[in-house]
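Input: a single structure, listed below in structure tokens.
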2 protein chains.
Amino acid sequence: MSIGRPRAFDEEAVLDRAAEVFWRHGYDGASLSELTRAMGINRPSLYATFGSKEELFRRAFARYHETKVANARAALDQPTAYAAIEVFLRSSADALTTGDHPPGCLSIQGGLACSPENAHVAEVLATGRADTEAALEERLSRADDLPDGMDVRALARFVMTLSEGHAVHAAAGASRDDLQASVDIAMRALAHSASRRSFSSDGEPVAAE
Amino acid sequence: MSIGRPRAFDEEAVLDRAAEVFWRHGYDGASLSELTRAMGINRPSLYATFGSKEELFRRAFARYHETKVANARAALDQPTAYAAIEVFLRSSADALTTGDHPPGCLSIQGGLACSPENAHVAEVLATGRADTEAALEERLSRADDLPDGMDVRALARFVMTLSEGHAVHAAAGASRDDLQASVDIAMRALAHSASRRSFSSDGEPVAAE
DNA sequence: CAGGTTTTGTACCGAGCGGTAGGATGAGCG
DNA sequence: CGCTCATCCTACCGCTCGGTACAAAACCTG
């Protein structure tokens with residue numbers, strides 16, 4: 001057992017609470033008073049554990065990225081590129097509008113724009129999003145159900161763009177059905193855009209040829 | 001001529017400078033010191049003219065919306081829905097990556113998430129975006145080159161979502177070509193998705209039947 | 001129980017925030 | 001010029017910000 005007075009809170013639990021505050025108010029808009037209140041701990045405990053507001057944010061975002069975003073990435077295990085894209089977009093749309101946490105996505109709500117001294121924060125978030133896009137691209141590059149000559153990088157960017165746009169919409173109050181209807185259009189369009197041997201016309205992925 | 005000491009600055013010019021600061025740093029991240037420095041005026045002049053930081057923001061955003069966004073809306077004058085969508089997306093992508101102002105879009109950079117006392121600001125921005133989406137929907141609902149039964153509301157949302165995602169990407173450093181490649185995919189997909197009598201297969205709009 | 005160690009809570013720090021008071025400044029007008 | 005008026009500028013307001021000193025409290029070991 002560790003020596004000294006035992007900690008009265010769970011580190012990961014308070015990180016989740018902190019993430020929610022950053023999510024709802026952005027990095028600049030999340031004050032220490034609100035953070036400590038939501039986390040249920042007081043300032044010195046926060047600083048002893050995490051060091052600074054920025055470090056707290058990094059930790060909270062890292063945890064968010066490892067848990068919530070990893071969920072979306074599971075979509076990439078689907079057997080075809082078409083299915084991977086669809087599951088990615090649909091599970092994202094669901095996650096963006098679940099009631100368990102603020103609407104939208106911490107990677108975007110956290111701070112697209114920050115005060116000059118907090119510019120790092122925007123970079124951290126952008127890096128996180130870029131990682132997801134890279135994972136998407138990697139999956140698509142391994143696909144054998146895409147038309148020859150398809151620009152997988154641009155396709156990954158397109159899918160990620162759509163997801164980011166949905167996050168913006170969700171933060172502004174769009175419903176789950178609203179987002180899914182947008183995904184419907186995207187998937188129907190993609191199904192017809194690729195060669196017929198790759199994407200079936202009714203949205204179901206089919207084996208090549 | 002008006003009486004008293006004449007104003008030493010142009011109201012609209014300083015609004016543009018203010019918009020840039022909000023654009024780059026968000027509402028919460030834009031301090032009065034930085035605003036006055038960029039605007040080239042001092043605090044009392046700012047308060048005498050605009051009343052408060054929030055009012056300054058509203059004015060700056062209104063001007064932005066009337067000038068920059070109106071440009072994108074001009075795309076809706078295109079003769080067909082397909083052309084309107086394409087011109088809207090392409091001119092947006094260009095505007096998001098021009099060097100004349102910060103990358104991305106003030107409607108999003110300004111503050112998706114704000115501190116609790118500034119929640120109005122996020123609402124103002126969301127309303128602006130919703131207006132654009134409504135204009136898009138209105139244009140599409142007048143189109144006669146869309147397949148019967150097309151959900152124009154969802155289509156407008158899809159297009160707007162893509163544009164918002166591009167804004168997020170642009171803010172993170174995506175190049176103009178990056179965004180246009182994403183538009184390429186969207187337009188190619190849409191061209192094949194709708195019935196052939198509506199959208200030609202090579203991306204050129206054609207008259208209905 | 002005493003001693004050592006870590007966390008807890010209160011109360012505070014300097015700095016920067018958004019916002020303002022009040023005199024100096026510069027224009028039109030007689 | 002002297003008067004009037006709106007604007008400009010210096011200096012300041014109360015407040016909240018992110019961050020910290022310090023002592024009481026709670027656990028372990030002996």
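Fair warning: this is a prediction, and the values are worked out from it, not measured in the lab. Labels below follow one simple rule: chain letters A, B, ... track the order of the sequence lines, proteins then strands, and each chain is numbered from 1.
At least one side-chain heavy atom of Val152(B) sits under 4.5 Å from a side-chain heavy atom of Leu146(B). Within the 4.5 Å cutoff, the side chain of Glu11(A) has heavy atoms near those of the Phe50(A) side chain.
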CA sep, side-chain torsions, deciding dist, call: Glu133(B), Arg129(B), salt bridge (charged side-chain N to carboxylate O under 4.0 Å, His left out):
CA-CA 6 Å; Glu133(B) 184 169 316; Arg129(B) 298 194 303 269; over 6 Å; no
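What separates CG of Asn118(A) from P of dG16(C) is a distance of 13 Å, to the nearest Å. The interatomic distance linking Phe9(B) (CZ) with dC9(D) (C1') rounds to 13 Å, in whole Å. Summarising the geometry, the separation between CD1 on Ile3(A) and C1' on dG30(D) is reported as 11 Å, rounded to the nearest angstrom.
Taking both residues in full, the closest heavy atoms of Leu112(B) and Ala122(B) are given as O-CB, 3.6 Å, listed atom of the first, atom of the second, then distance. Contact detail for Asp28(B) and His25(A): the closest heavy-atom pair is OD2-O, 4.3 Å.
Taking the ring axis of Tyr27(B) as reference, the NZ or CZ atom of Lys53(B) stays within 45° of it and closer than 6.0 Å to the ring centre.
In the region residues 27-56 of chain B, proximity to DNA chain D at under 4.0 angstrom, judged on heavy atoms, holds for Asn42(B), Pro44(B), Ser45(B).
With hydrogens and angles ignored, no donor-acceptor pair under 3.5 angstrom links the side chain of Arg5(A) to the base of dT5(C).
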